[in-house]
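Notes follow once the structure below has been shown.
Just so you know, ligand 1 is whichever comes first in the structure, and atom 1 is the first atom listed for that ligand. What you see is a predicted model; the values in this text were computed from it and never measured. Hydrogens, waters and symmetry mates play no part in the numbers below; they use all other heavy atoms, side chains included.
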Amino acid sequence: MGVNNNDSRGALIVLEGLDRCGKTSQSSRLFPYLEGLGHSVELWRFPDRSTSVGKMISAYLSNQSQLDDHTIHLLFSANRWEKRSMMETKLKAGTTLIVDRYSYSGVAFSSAKGIDVEWCKAPEIGLLAPDLVLYLDIPPEKAAERGGYGSERYEHLDFQRKVAQYYQILRDSSWKIIDACQSIEEVEKQLREIVLDHVITCHKGKPLSLLWS
Ligand code: DGP
Ligand code: NA
Ligand code: NA
């Protein structure tokens, strides 16, 4: 039997960080942990490359298409909007969502190209605000050393340095900063402790709120 009851909702938990910070492997470790405790939980990621918008994003990231910086920004945002109602439905039904990247990536990566931060935030307004943002903090140089970057568009040290600066200014009270230079096991242990605490808070009836506040 699960731990959910009718008046509890799921938690919206987002992992953020530079490319190669370990976000994807940590989110896939968190998932079975929470599931094993009896929580209803799903693992999501943005961009969701499976939708038609997502396929345009994927082509852009792999340099198979060129798009204006503002245009791709709006496509990433549209990719989050197309999942918004499903997200709300799941959370209200008591399912916790672990989400690999969200609006903070949206703003940090586009601002790093020189687009105004407020302009970047605008299309994210009205999306569901995370209950918790787990920021896996790693110096850009350390991330670049980790098995090297792949061939995708943003995987360059000079660009990742700029992204890191914009992440700094997006920090708010929902953020927890985790030192991602620690061992995988140590990071995992810290994430488990923080996440467990937040899943319990949501079950006590904290209302959903909206970005950008
Ligand atoms: P990932 O699948 O997590 O490796 O993300 C692919 C790349 O896209 C990665 O370099 C981060 C970047 N990215 C993720 N979300 C957004 C977004 O909303 N806007 C922009 N411009 N880039 C993003
Ligand atoms: Na990547
Ligand atoms: Na990733």
Side-chain angles (χ1 to χ4, degrees), residues 12-31 42-84 87 97-130 133-144 146-170 178 180 187 211-212:
L12 179 53
I13 298 170
V14 168
L15 282 90
E16 287 281 6
L18 299 179
D19 286 295
R20 310 291 299 163
C21 69
K23 230 169 11 56
T24 304
S25 46
Q26 290 295 341
S27 48
S28 43
R29 282 166 176 247
L30 258 184
F31 170 71
E42 288 185 13
L43 184 53
W44 286 28
R45 72 178 307 160
F46 289 109
D48 175 347
R49 302 189 192 211
S50 70
T51 69
S52 54
V53 172
K55 288 188 174 80
M56 293 173 72
I57 293 170
S58 191
Y60 171 83
L61 288 171
S62 58
N63 295 305
Q64 288 163 339
S65 71
Q66 309 303 323
L67 288 169
D68 165 73
D69 291 342
H70 301 79
T71 307
I72 186 64
H73 180 78
L74 295 172
L75 288 178
F76 273 108
S77 185
N79 188 233
R80 287 182 279 276
W81 275 101
E82 64 186 343
K83 304 306 281 276
R84 188 201 180 285
M87 193 176 251
L97 303 178
I98 299 169
V99 183
D100 184 348
R101 292 195 186 282
Y102 197 55
S103 301
Y104 303 91
S105 286
V107 177
F109 280 77
S110 289
S111 298
K113 299 172 179 175
I115 306 179
D116 177 69
V117 175
E118 294 308 316
W119 191 93
C120 291
K121 280 179 157 183
E124 308 296 319
I125 294 172
L127 289 173
L128 299 173
V133 177
L134 300 164
Y135 183 77
L136 299 195
D137 193 23
I138 188 168
E141 296 74 20
K142 276 260 164 34
R146 287 189 168 177
Y149 289 132
S151 58
E152 284 209 324
R153 188 178 284 268
Y154 298 140
E155 296 178 340
H156 301 283
L157 181 55
D158 53 347
F159 187 73
Q160 297 282 326
R161 283 194 180 112
K162 288 185 193 153
V163 174
Q165 289 171 358
Y166 283 100
Y167 267 130
Q168 294 300 321
I169 67 172
L170 293 173
I178 295 98
V187 173
L211 289 176
W212 199 280

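When only interatomic distances are considered, the shortest N/O to N/O separation between D19 and ligand 1 falls below 3.5 Å. Any N or O atom pair closer than 3.5 Å counts here, and Q160 shares no such pair with ligand 1. Polar contact check, Y102 against ligand 1: no nitrogen or oxygen pair lies under 3.5 Å apart.
With sequence neighbours excluded, the residues that form a salt bridge (charged side-chain N to carboxylate O under 4.0 Å, His left out) with R84 are E88. Take K121 and apply the salt bridge (charged side-chain N to carboxylate O under 4.0 Å, His left out) test, not counting sequence neighbours, and it matches no residue.
Between R49, R20, E155, it is R49 that holds the heavy atom closest to atom 6 (C) of ligand 1. Between the choices R101, E152, E16, R80, the shortest heavy-atom distance to atom 18 (O) of ligand 1 belongs to R80. Among H73, R153, K113, R45, the residue whose heavy atom lies nearest to atom 1 (P) of ligand 1 is R45.
The local environment of CE in M87 is crowded, with over 12 non-hydrogen atoms from other residues, nucleotides or ligands closer than 6.0 Å. Enclosure of atom NZ in K113 by more than 12 non-hydrogen atoms of other residues, nucleotides or ligands within 6.0 angstrom is indicated.
Here is the list of ligand 1 atoms found below 4.0 Å of a heavy atom in L61: 6 (C), 7 (C), 8 (O). Heavy-atom contacts of G106 reach the following atoms of ligand 1: 17 (C), 18 (O), 19 (N) (cutoff under 4.0 Å).
For the atom pair CZ of F31 and CG of D100, the computed distance is 13.5 Å after rounding to the nearest 0.5 Å.
A side-chain N or O of T51 and one of N79 form a donor-acceptor pair less than 3.5 Å apart.
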